[in-house]
J.: 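Structure below; questions to follow.
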Amino acid sequence: MSKTTMPVQTATVTAEGPTFMEQTWDLEYRHALGETTSHFMQGLTEGKILGRRTTDGRVLVPARSYDDQTHTKTEEWVEVGNTGIIEMSTFVYEPFKGLPAPPYAIAYAMLEGADTALVGYVRGIDLADQDAAIKALSIGTPIVVCFSDKPTGTAADYWFELAEPVRE
């Protein structure tokens, strides 16, 4: 069952430059997760990050049904480590419907045993000092995966924290 409201649109057209269109969408959608994503989410409720091995041995996290490079089916489930390093991070200071109240941080982390990065919220850092937060979440920073005491089978069941405290 999906519920959609039509987007609010405004367009700016000029002879001197590109055309821009601003849109606002409000979309609720329910869909089947499928076998692979369902199994990945079940792993989260058990405090596990699961990936799938490709025919060339890479481990895709989060688990995917098909190899993103060869388009062949993946089959072997692999539990990866709960430690890793930040590959990319960003900070959100504007509100988005359905997401936590800002500010918050998001990072892609390469977990031990994985060959692709997993996205997650980052907790436990002070976002009030933006320069310090950027330094704390720089590329290569070690993280640990933490799990909810009351999992719900969603991506909110895990988050990242710094493996070492931030040094002033």
J.: Just wondering, do L137 and L162 contact through their side chains at under 4.5 Å, heavy atoms?
T.: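 They are in contact (side-chain heavy atoms under 4.5 Å apart), so the answer is yes.
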J.: Would you say M88 ends up clustered with V144 if hydrophobic residues are merged whenever their side chains have heavy atoms under 4.5 Å apart, either directly or through other cluster members?
T.: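 No; M88 is not reachable from V144 via cluster members.
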J.: Quick one: do D67 and R58 make a salt bridge, cutoff under 4.0 Å?
T.: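 Salt bridge flag = yes for R58 with D67.
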J.: Using modelled atom types and a 3.5 Å cut-off, is there a donor and acceptor pairing between side-chain atoms of T74 and backbone atoms of R64?
T.: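 Yes, the answer is positive, given that a donor and an acceptor are paired below the 3.5 Å cut-off.
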J.: So with a 6.0 Å cut-off around OH of Y121, is the heavy-atom count from everything else above 12?
T.: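 More than 12 heavy atoms, drawn from other residues, nucleotides or ligands, come within 6.0 Å of this atom.
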J.: Does the side chain of L60 reach to within under 4.5 Å of the side chain of T54, using non-hydrogen atoms?
T.: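 A side-chain contact under 4.5 Å exists here.
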J.: Are F147 and L44 side-chain neighbours, meaning at least one heavy-atom pair lies under 4.5 Å?
T.: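 Side-chain contact under 4.5 Å: yes.
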J.: As an exercise, state the distance from CG of L99 to CD of E94, rounded to the nearest 0.5 Å.
T.: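 It comes to 13.0 Å.
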J.: For V59, does its backbone N or O pair with a side-chain atom of D115 as donor and acceptor, under 3.5 Å?
T.: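 Side chain of D115 to backbone of V59: a pair is present.
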J.: How far apart are the C-alpha atoms of H71 and Y66, what are their side-chain angles, what is the distance that settles it, and do they pass the side-chain contact (heavy atoms from CB on, under 4.5 Å) test?
T.: CA-CA 5 Å; H71 308 288; Y66 289 87; 5.6 Å; no
J.: Hydrophobic cluster membership, with links at side-chain heavy-atom distances under 4.5 Å among I/L/V/M/F/W/Y: are V122 and L127 in one?
T.: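 In one cluster with V122: L127, yes.
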J.: Do I86 and V80 share a hydrophobic cluster, counting only Ile, Leu, Val, Met, Phe, Trp and Tyr and linking them when any side-chain heavy atoms are less than 4.5 Å apart?
T.: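 Yes, I86 connects to V80 through the hydrophobic network.
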J.: Any side-chain heavy-atom pair from I49 and L118 closer than 4.5 angstrom?
T.: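 Yes - at least one pair of side-chain heavy atoms lies under 4.5 Å apart.
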J.: If you define the side chain from C-beta out and look only at heavy atoms, does anything of Q42 sit under 4.5 Å from E46?
T.: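 Sidechains of E46 and Q42: in contact.
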J.: Treating Ile, Leu, Val, Met, Phe, Trp and Tyr as nodes and any side-chain heavy-atom pair under 4.5 angstrom as an edge, say whether Y158 and V78 lie in one connected cluster.
T.: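 Yes, one cluster joins them.
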J.: Hey, what do you get for NE2 (H39) to CG (L33), rounding to the nearest 0.5 Å?
T.: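 Going from the NE2 atom of H39 to the CG atom of L33 covers 13.5 Å.
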J.: State the OH-CZ distance between Y108 and F160, to the nearest 0.5 angstrom.
T.: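 The CZ atom of F160 is 10.0 Å from OH of Y108, to the nearest 0.5 Å.
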J.: Between the side chain of S138 and the main-chain N/O of K135, is any donor-acceptor distance below 3.5 Å?
T.: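 Yes, S138 side chain to K135 backbone: donor-acceptor pair under 3.5 Å.
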J.: Does NZ or CZ of R53 come closer than 6.0 Å to the centre of the six-membered ring of W77, within 45° of the ring's axis?
T.: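 Negative - R53 is either too far from the ring of W77 or too far off its axis.
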J.: Is it true that, when you exclude Y93 itself, more than 12 heavy atoms of the residues, nucleotides or ligands shown sit nearer than 6.0 Å to its OH?
T.: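 More than 12 within 6.0 Å, yes.
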J.: Is any side-chain heavy atom of T45 closer than 4.5 Å to one of D157?
T.: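 A side-chain contact under 4.5 Å exists here.
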J.: Of all heavy-atom pairs between G51 and V61, which one has the smallest distance, and what is that distance?
T.: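 Closest approach of G51 to V61, heavy atoms only: CA-CG2, 3.8 Å.
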J.: Same cluster for V119 and I143 if Ile/Leu/Val/Met/Phe/Trp/Tyr side chains link at under 4.5 Å?
T.: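 Each belongs to a different hydrophobic cluster.
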J.: Using side-chain heavy atoms (C-beta onward) and a distance below 4.5 Å, is F91 in contact with I134?
T.: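 Result yes, sub-4.5 Å side-chain heavy-atom pair found.
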J.: For a side-chain hydrogen bond (donor to acceptor under 3.5 Å, both in side chains) check, start with the C-alpha distance between R52 and T36, then their side-chain angles and the critical distance, and finish with the verdict.
T.: CA-CA 9 Å; R52 296 275 291 252; T36 302; 3.2 Å; yes
J.: Can you tell if the side chain of S148 reaches within under 4.5 Å of the side chain of W159, non-hydrogen atoms only?
T.: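 A side-chain contact exists here, since the closest heavy-atom pair is under 4.5 Å.
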